[in-house]
2 protein chains.
Amino acid sequence: MTRTDELQLDRQVCFALYSASRAVTQLYRPLLDALGLTYPQYLVMLVLWEHGPTTVKDLGEALELDSGTLSPLLKRLESAGMVLRRRRATDERSVEVDVTEKGAALRTRAAGVPRTIACATGLDAAGLTELRRILTTLTETVGETQLTADVL
Amino acid sequence: MTRTDELQLDRQVCFALYSASRAVTQLYRPLLDALGLTYPQYLVMLVLWEHGPTTVKDLGEALELDSGTLSPLLKRLESAGMVLRRRRATDERSVEVDVTEKGAALRTRAAGVPRTIACATGLDAAGLTELRRILTTLTETVGETQLTADVL
DNA sequence: CCACATTTAGTTGTGCACAACTCAATCGTG
DNA sequence: CACGATTGAGTTGTGCACAACTAAATGTGG
């Protein structure tokens with residue numbers, strides 16, 4: 001084992017990414033607990049607050065999540081009284097999701113969350129913007145790549 | 001809704017982080033499938049390959065995972081024949097984990113994984129190092145922060 | 001109009017994450 | 001030594017992620 005070993009854990013940017021993502025989710029937890037939301041549920045609410053009634057398909061595209069994740073999540077949000085779901089009259093395949101009054105009321109209480117999180121990251125506005133740019137580019141790049149085991 | 005709305009999804013660095021982390025895990029999937037590992041199992045194997053026999057506690061510290069995650073994961077790695085677990089003679093509370101011959105043999109086949117992933121990110125060595133530095137700092141900063149709902 | 005392909009949600013099964021808990025082994029202090 | 005506190009691993013329960021599948025609604029070419 002040398003310091004330049006390709007498999008060394010601390011050299012892996014992917015572990016840093018995995019680790020940072022979990023750490024930030026933990027940062028949200030106490031804030032979102034107070035709102036009765038998990039982090040993925042909060043992301044769904046962000047889309048609904050921003051866009052109004054949205055189909056499951058469009059939520060999936062916005063968050064890059066499939067129906068296997070969204071269907072049970074939305075069911076939980078519905079039983080918590082945050083959202084309503086109804087089949088579209090014009091296309092019975094689609095289900096439109098919208099916030100309830102309770103869900104809409106939550107928006108005010110959630111207003112301070114992003115700023116609180118941003119402060120806790122210790123990054124300034126420029127640092128946050130730069131990090132977001134790098135990560136967005138990274139997501140797009142790897143999203144287009146289809147690796148197979150052959151490359152090994 | 002204005003373009004400067006604090007809750008706008010596309011302005012959230014945290015979503016970018018969450019999204020990038022999942023995208024990169026997806027990038028690993030075909031490579032690790034060929035090795036019979038999941039991404040968290042691969043991380044455990046990296047630690048074992050690097051450090052040799054390691055207790056569950058030390059694995060947890062290296063990967064920032066608790067026993068609730070590691071215990072079942074290690075049980076699956078054990079039934080896959082990749083690792084062995086045994087109570088330490090000097091302290092029966094600790095369980096030491098080590099790779100089997102099969103697990104050790106996997107290391108050679110895994111050698112190309114980091115480079116393959118690095119290429120697929122589209123980032124050069126400097127970009128990867130810089131991203132890793134930012135993320136590591138971020139993880140450390142938020143790890144020290146204890147938020148409560150009071151700040152809202 | 002009709003057979004077949006496509007689209008959209010939902011279901012099932014596996015494997016993390018993580019909080020909260022249990023239990024046994026060990027440590028520390030009087 | 002006694003005994004309460006601490007440590008280390010494991011268990012239980014909830015909620016994502018995601019692959020693979022099902023089923024119903026809609027689109028489409030002949």
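Naming: A, B, ... by sequence-line order, numbering from 1 per chain. Given the structure is predicted, the values throughout are model-derived calculations rather than measurements.
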Notebook entry, point to check: Of all residues at least two apart in sequence or in a different chain, which pass the side chain to side chain donor-acceptor pair (under 3.5 Å) check with A:Glu140?
Noted result: none
Item checked: Qualifying residues under side chain to side chain donor-acceptor pair (under 3.5 Å), relative to B:Thr55, sequence neighbours excluded -> B:Asp58
Note to self: Going by side chain to side chain donor-acceptor pair (under 3.5 Å), name the residues that satisfy it together with A:Arg87, two or more places apart in sequence or in a different chain.
What the structure shows: none
Next item on the list: Give A:Thr69 one of three labels, base, sugar-phosphate or nothing, depending on what nucleic acid heavy atoms sit under 4.0 Å from its own.
Entry: base
Check: Reckon A:Arg88 touches a base, only the sugar-phosphate, or nothing at all at heavy-atom distances under 4.0 Å?
Finding: nothing
Margin query: Is the ring pair B:Tyr39/A:Tyr18 parallel, tilted or perpendicular, if the boundaries are 30 and 60 degrees?
Written below: perpendicular
Notebook entry, point to check: Across the strands shown, which category fits B:Thr55 at heavy-atom distances under 4.0 angstrom: base, sugar-phosphate, nothing?
Noted result: sugar-phosphate
Notebook entry, point to check: Of all of residues 89-98 of chain A, which get a heavy atom below 4.0 angstrom from DNA chain C, listed by number?
Noted result: A:Arg93, A:Ser94, A:Val95
Next item on the list: List for me each residue that meets side chain to side chain donor-acceptor pair (under 3.5 Å) alongside A:Arg93, sequence neighbours excluded, and say none if there are none.
Entry: A:Asp91
Checklist line | Protein-nucleotide distance (A:Leu73, atom CG; C:dG10, atom C1'), rounded to Å | finding: 14 Å
Margin query: Filter on side chain to side chain donor-acceptor pair (under 3.5 Å), then keep only pairs touching residues 97-106 of chain B, sequence neighbours left out; what's left?
Written below: none
Check: What is the 5' to 3' range of DNA chain D, first to last nucleotide, that sits under 4.0 Å from any heavy atom of chain B?
Finding: D:dT7 to D:dA19
Note to self: Tell me the interatomic distance from A:Leu74, atom CG, to C:dG10, atom P, rounded to whole angstroms.
What the structure shows: 7 Å
Note to self: Applying salt bridge (charged side-chain N to carboxylate O under 4.0 Å, His left out), can you list everything that pairs with B:Glu61, at least two apart in sequence or on another chain?
What the structure shows: B:Lys57
Margin query: List the residues meeting salt bridge (charged side-chain N to carboxylate O under 4.0 Å, His left out) with B:Glu64, not counting sequence neighbours, and say none if there are none.
Written below: none
Check: Taking for each residue the nucleotide of DNA chain C with the nearest heavy atom, is it B:Ser67 or A:Asp58 whose nucleotide lies nearer the 5' end?
Finding: A:Asp58
